[in-house]
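One structure is given here, and the rest of the page talks about it.
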Amino acid sequence: MPELPEVETVVAGLKPQITGAKLVSVSDSGKNLRYPLPDFSTLLQQNIQRVERRAKYLLFYFENGQTLIWHLGMTGQFHVLAQHEAKTKHEHVTLTFTDGNTLRYRDTRRFGYAGLCDSDDLEQHAWFAKLGVEPLLDDFSGDYLRDILKTRKTSIKQAIMDNHVVVGVGNIYASESLFRAGIHPTQVANSLKPKQYALLVQHIKTVLAEAIEAGGSTISDFVKAVGKPGYFAHSFKVYGREGEPCHTCKKPIEKIILGGRVSFFCSKCQMMK
DNA sequence: AAGGTTACCTGCCCGC
DNA sequence: TGCGGGCAGGTAACCT
């Protein structure tokens, strides 16, 4: 489910519901997620002070100076429900708060994972230490992208999905931003013209921002919205549109596999230059 | 060292 | 209707 806009939407939805909540207990299904769950005992009787996003991770800052880090994997979802609500299938972790609310973590495929670390050491944590820049910050610029890719021979599509380069660009928005920038997904990463790096960066930012905006409009319907592919899907120009006419030139959208991931593009609008 | 492949896990959709 | 194969929006551990 989640790329950066989805995680941003989840965080925005959780903030008003659990900020300030005091944790009283944690239970789990006994099934492992991608990695073993952390020991939650130091968080008991502690308030959640803030909820934030870094890359595709959710960060729950607790008052004892520790941060609970959570990645949703492919199918992870959070729901805030009253304590008495029945457990559903694939619900693997339940955090219970003093106000009677619970934060439920559901994850069908169990690719998600959670960890705990001192808030002061977050950027040194193994999951964060090697991450690239946040795409929506000014650090992510055409010059940055050109420089970091100057020795990379992989495809530009795989390069922008590499979270050592820039975080948060998943499979959908990689295809979408390359289409908007008119860049062929197989183009060698270090072979773009200077203007193309800038253009690509600009389109990554706008497509992510638009998707966040679309997600934002559904926050009041948060529980239902999370996990559904629909809300930004109507805006896809290439993703999932194999064989359908390009909105710009009418040529059928094509599909290829790059790095094991499906990639969509228009061979006329995204010509190799 | 970069790049390719595989693995993790379940559900769904498609073709036979 | 049933079954098997392929595929799914992520990440990292392996190889070479």
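Each chain gets a letter, A, B and so on, in the order its sequence line appears, and its residues count up from 1.
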Would you state whether a donor and an acceptor, one from the side chain of [X] and one from the base of [N], lie under 3.5 Å apart?
X	N	value
A:Arg110	B:dC9	no
A:Arg34	C:dT11	yes
A:Arg109	C:dA8	yes

Separation between the P atoms of C:dC14 and B:dC9, rounded to whole Å: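 Taking atom P in both C:dC14 and B:dC9, they lie 15 Å apart.
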Any chance the side chains of A:Gln66 and A:Thr42 put a donor and an acceptor closer than 3.5 Å?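 The answer is yes; a qualifying pair exists.
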Any side-chain donor-acceptor pair under 3.5 Å between A:Arg50 and A:Thr19?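 No - no donor-acceptor pair under 3.5 Å links their side chains.
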What's A:Asp107 touching, base or sugar-phosphate or nothing? Going by heavy atoms closer than 4.0 Å.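 It contacts nothing in the nucleic acid.
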So, do A:Phe111 and B:dC8 meet the stacking rule of ring centres under 5.5 Å and planes under 30°?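 Here the ring of A:Phe111 and the base of B:dC8 are stacked, with centres under 5.5 Å and planes under 30°.
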Starting at the 5' end of DNA chain B and moving along, which residue's nearest nucleotide shows up first, A:Gln158 or A:Lys89?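 The residue mapped nearer the 5' terminus is A:Gln158.
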Counting only side-chain N and O atoms of [X], is one of them less than 4.0 Å from OP1 or OP2 of [N]?
X	N	result
A:His71	C:dG10	no
A:Tyr113	C:dT11	no
A:His90	B:dG11	yes
A:Arg261	C:dG9	yes

Which residue is it: A:Tyr35, A:Tyr57, A:Tyr105? I am looking for the one with a ring pair (Phe, Tyr, Trp, His ring centres under 6.0 Å) to A:Trp70.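 One option only clears the test, and that one is A:Tyr105.
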Report yes if some heavy atom in the side chain of A:Ile156 is under 4.5 Å from a heavy atom in the side chain of A:His184; otherwise report no.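 Answer no - side chains too far apart.
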For B:dC16, what is the paired nucleotide under Watson-Crick or G-U wobble rules, both distances under 3.5 Å?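 Its partner is C:dG2 (Watson-Crick or G-U wobble, both distances under 3.5 Å).
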